[in-house]
Amino acid sequence: MAFVPYDRPVRTAFIGLGRIYDLNVRAYVNNPDVEVVALVDPSEERRVQREADWPQAATFASVAELAASGIDVDAVEALLPIPLHTEGVIELLGYGWHVNLQKPICNDLLDAQRMLDAATASGLVLRVMENYLFYEPLRRLKSVFESGELGTIAGYHMKMVGSGAGGWDVPWSSFEWQIEQMKRGRGILVFDDGWHKLSTALWLFGPVSEVRAWIGTTSFGHGIDLDAPTMIAWQHANGVRGVWDITLAPDLYLRSDYYTNDERWEVTGSKGFARVNRCTGRGVQQPSLEVYVDGEMRGYHALDDDWASSFRDSGRHWLRWLRTGEGPLMWSGDEDVDVLRFALAAYASSGSGGIGVSPAQVI
Ligand SMILES: NC(=O)c1ccc[n+]([C@@H]2O[C@H](COP(=O)([O-])OP(=O)(O)OC[C@H]3O[C@@H](n4cnc5c(N)ncnc54)[C@H](O)[C@@H]3O)[C@@H](O)[C@H]2O)c1
């Protein structure tokens, strides 16, 4: 069934009003493409907190209550805990609503297929948002090396340091479902936050043909097992190799308005390099993007390097897409399954002593 763009503001509901709502909501504020008609969360505290943002919207404790209310909804912003993604998305599509889902799509390929099948059967769109693809320093990094000024790409490195000090508060209820994820072997660093790094790799350099990984564990007791130290390396189908290291520094104070995650991306070419110095946190206080070529360093001081802006722009892209049907979804459900395959290849490799695994072969 071909998608027909809306010739009026899209009627939307937020499903899940937790921590990340604070950033996803930025796409909806003062946006003529959208009308927020409903808010859903079983937590009364969350509903009361968020209804102040949308006085015209109705609030509900469950999706079923919204569906029974008779309120017309075109699309939903699904901000559910990961363990609820599969059944939650199938339910939302079942009510006839397009879905913009937070990453990761889900934990395994069987569930992903069920979600894609539900979207196909209903003729609705399942998008899995990837805000990092909208982070301006990363977009500029991509355009710098695609311009050819670094020469032929020789390889690249991503770095992530998880720290426990600084940043915004994360409610314990969010950790509870993360612990559930950890028990299923889907850790918070590699699978949850790491999803973004795998996504950027695919977005920057295309399909991955082989992955080699060494995923460690650091236990803090009470079921809190963090998946670091970790090293993952891979080769893209175009021959470019990437490597990503994850280090845990629990007592390192990191200044951040959001999560305490210190991140870097560095692309090396035959003539120079380009490096994004930070993203979620405010670790390296240099220009957010630096480019070195021919003995000269160029610093980008005026990029919109507030991580929250990537949520705003990702969401605006989705809402514009619903109004026009134009351009890539960034990501479609199928594209997000490629990210899942990448992650599953890393787990398969690590579990087999670091051998090379093709994402196309994982089951
Ligand atoms: N893009 C990013 O960088 C980023 C960052 C953080 C979280 N996330 C993703 O966002 C999603 C939500 O994470 P969070 O940190 O906001 O979690 P959270 O635990 O803070 O919030 C989840 C909310 O969903 C509500 N909820 C639970 N069951 C529900 C149901 N059946 N119907 C409606 N609401 C329900 C909970 O009451 C809670 O308010 C996850 O998929 C997570 O991976 C993405």
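All residue numbers refer to positions in the sequence shown, counting from 1. Counting starts at 1 for both ligands and their atoms, in listed order.
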Chi angles and distances behind the salt bridge (Lys or Arg N to Asp or Glu O under 4.0 Å) call for Lys142, Glu146: CA-CA 6 Å; Lys142 190 173 193 286; Glu146 285 179 349; 2.8 Å; yes

Run the side-chain hydrogen bond (donor to acceptor under 3.5 Å, both in side chains) test on Asp53 and Tyr21 for me, step by step, so that the C-alpha distance in whole Å, both residues' side-chain angles and the decisive distance to 0.1 Å come before the verdict. CA-CA 11 Å; Asp53 296 341; Tyr21 164 94; 2.7 Å; yes

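For Trp54 and Tyr28, the ring centers sit 6.0 Å or farther from each other. Between Phe134 and Trp307, the ring centre distance reaches or exceeds 6.0 Å.
Closer than 4.0 angstrom to ligand 1 lie heavy atoms from Ile15, Gly16, Leu17, Gly18, Arg19, Ile20, Val40, Asp41, Pro42, Arg46, Leu79, Leu80, Pro81, Ile82, Leu84, His85, Gln102, Lys103, Pro104, Asn131, Ser174, Trp177, Asp192, His196, Tyr259, Trp307, Phe311.
With no hydrogens or angles considered, no side-chain donor-acceptor pair links Thr230 and Trp214 at under 3.5 Å.
Just one residue in the list Asp306, Asp305, Asp262 forms a salt bridge (charged side-chain N to carboxylate O under 4.0 Å, His left out) with Arg278, and that residue is Asp305.
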